[in-house]
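Everything numeric here is computed off the predicted structure, so don't read it as measured data. Start at 1 and go down the list; that is how both ligands and their atoms are numbered.
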Amino acid sequence: MNGKVFIMDHPLIQHKLTFLRDKNTGSMEFRALVSEIANLICYEATRDLPLEEVQTETPMTTATTKMIAGRKLAFVPILRAGLGMVDGVLKLVPAAKVGHIGLYRDHETLQPVEYYSKLPSDLPERDVIVLDPMLATGGSAVDAITIIKRSNPKSIKFMCIIAAPEGVKALTEAHPDVQVYCAAVDECLNEKGYILPGLGDAGDRIFGTL
Ligand code: PRP
Ligand code: URA
């Protein structure tokens, strides 16, 4: 696997992913699991945030302690399904800004169709983490990142829950500067572009539109 792809093998993530895949998991539990897994992946995706030393008065003495060094983040969910990950990541980085990119896959061509884009105006000062639970053919992620790059962010990472090998290849070839964080790389895509074994249609399962 490409050195820019980080697969989260933490037992808590893998355990929750099993319930997420289960076809008997209903929307309420599915939403909670997407949020929890996003929170745990984000913990790892922010591991390289730089720290600076500050002086802190504890009740006992003055100590040299650490804080995140003024690094500004923006999360950009790809609508719809990426919305399910926003709560989980904002629990870790509540001060982050949130942009939105609306894309859906045309069911016939599997090509992404853009219908909405609203990004923070200060993106050149921010590191961006793009959120989408599913990386299938990679078309949506590749296009979303191309759109975000027009606003010149400092850096871009992509966070998903399940990736297909085809999507990882497409994304890392189109955007070799973007690191990918996911909970699993599955076996393949079926003839309709769905990930196998996957979890089905993430947007429909989150929003109950099956
Ligand atoms: C899903 C998913 C990704 C995309 C992945 O969205 O959330 O955005 O498909 O497929 P790709 O890698 O082949 O582009 P979908 O188009 O179903 O829209 P939705 O989130 O509105 O349901
Ligand atoms: N989008 C989904 O929601 N699921 C897949 O398996 C592929 C694309």
> Does a donor on one side chain sit under 3.5 Å from an acceptor on the other, for Gln179 and Tyr181?
Replying inline: yes
> For residues Lys192 and His107, is any side-chain donor paired with an opposing acceptor at under 3.5 Å?
Replying inline: no
> Hey, is the main chain of Arg31 close enough, under 3.5 Å, to the side chain of Ser35 for a donor-acceptor pair?
Replying inline: no
> Can a donor-acceptor pair be found between the side chains of Thr25 and Arg205 at a distance below 3.5 Å?
Replying inline: no
> Is the closest side-chain donor-acceptor distance between Thr64 and Gln55 under 3.5 Å?
Replying inline: yes
Kindly list each side-chain donor-acceptor pair under 3.5 angstrom involving residues 82-106, sequence neighbours excluded, with atom names and distances?
unit_1	atom_1	unit_2	atom_2	d
Lys97	NZ	Asp122	OD2	3.3
Arg105	NH1	Gly193	O	3.1
Arg105	NH2	Gly193	O	3.2
Asp106	OD1	Glu108	N	2.9
Asp106	OD1	Thr109	N	2.9
Asp106	OD1	Thr109	OG1	3.4

> Donor-acceptor pair, Glu29 side chain versus Asn24 backbone, under 3.5 Å?
Replying inline: no
When you pair each N or O of ligand 2 with protein N or O atoms, which pairs come out under 3.5 Å?
unit_1	atom_1	unit_2	atom_2	d
ligand 2	3 (O)	Ala202	N	2.8
ligand 2	4 (N)	Gly200	O	2.8
ligand 2	6 (O)	Ile195	N	2.8

> What residue pairs, at least two apart or across chains, pass side chain to side chain donor-acceptor pair (under 3.5 Å) with a residue in residues 130-144?
Replying inline: none
> Counting only N and O atoms by type, is there a donor-acceptor contact under 3.5 Å from the side chain of Thr58 to the main-chain atoms of Thr61?
Replying inline: yes
> Under a strict 4.0 Å criterion on non-hydrogen atoms, which protein residues are in contact with ligand 1?
Replying inline: Leu79, Arg80, Ala81, Tyr104, Arg105, Asp132, Met134, Leu135, Ala136, Thr137, Gly138, Gly139, Ser140, Asp201, Gly203
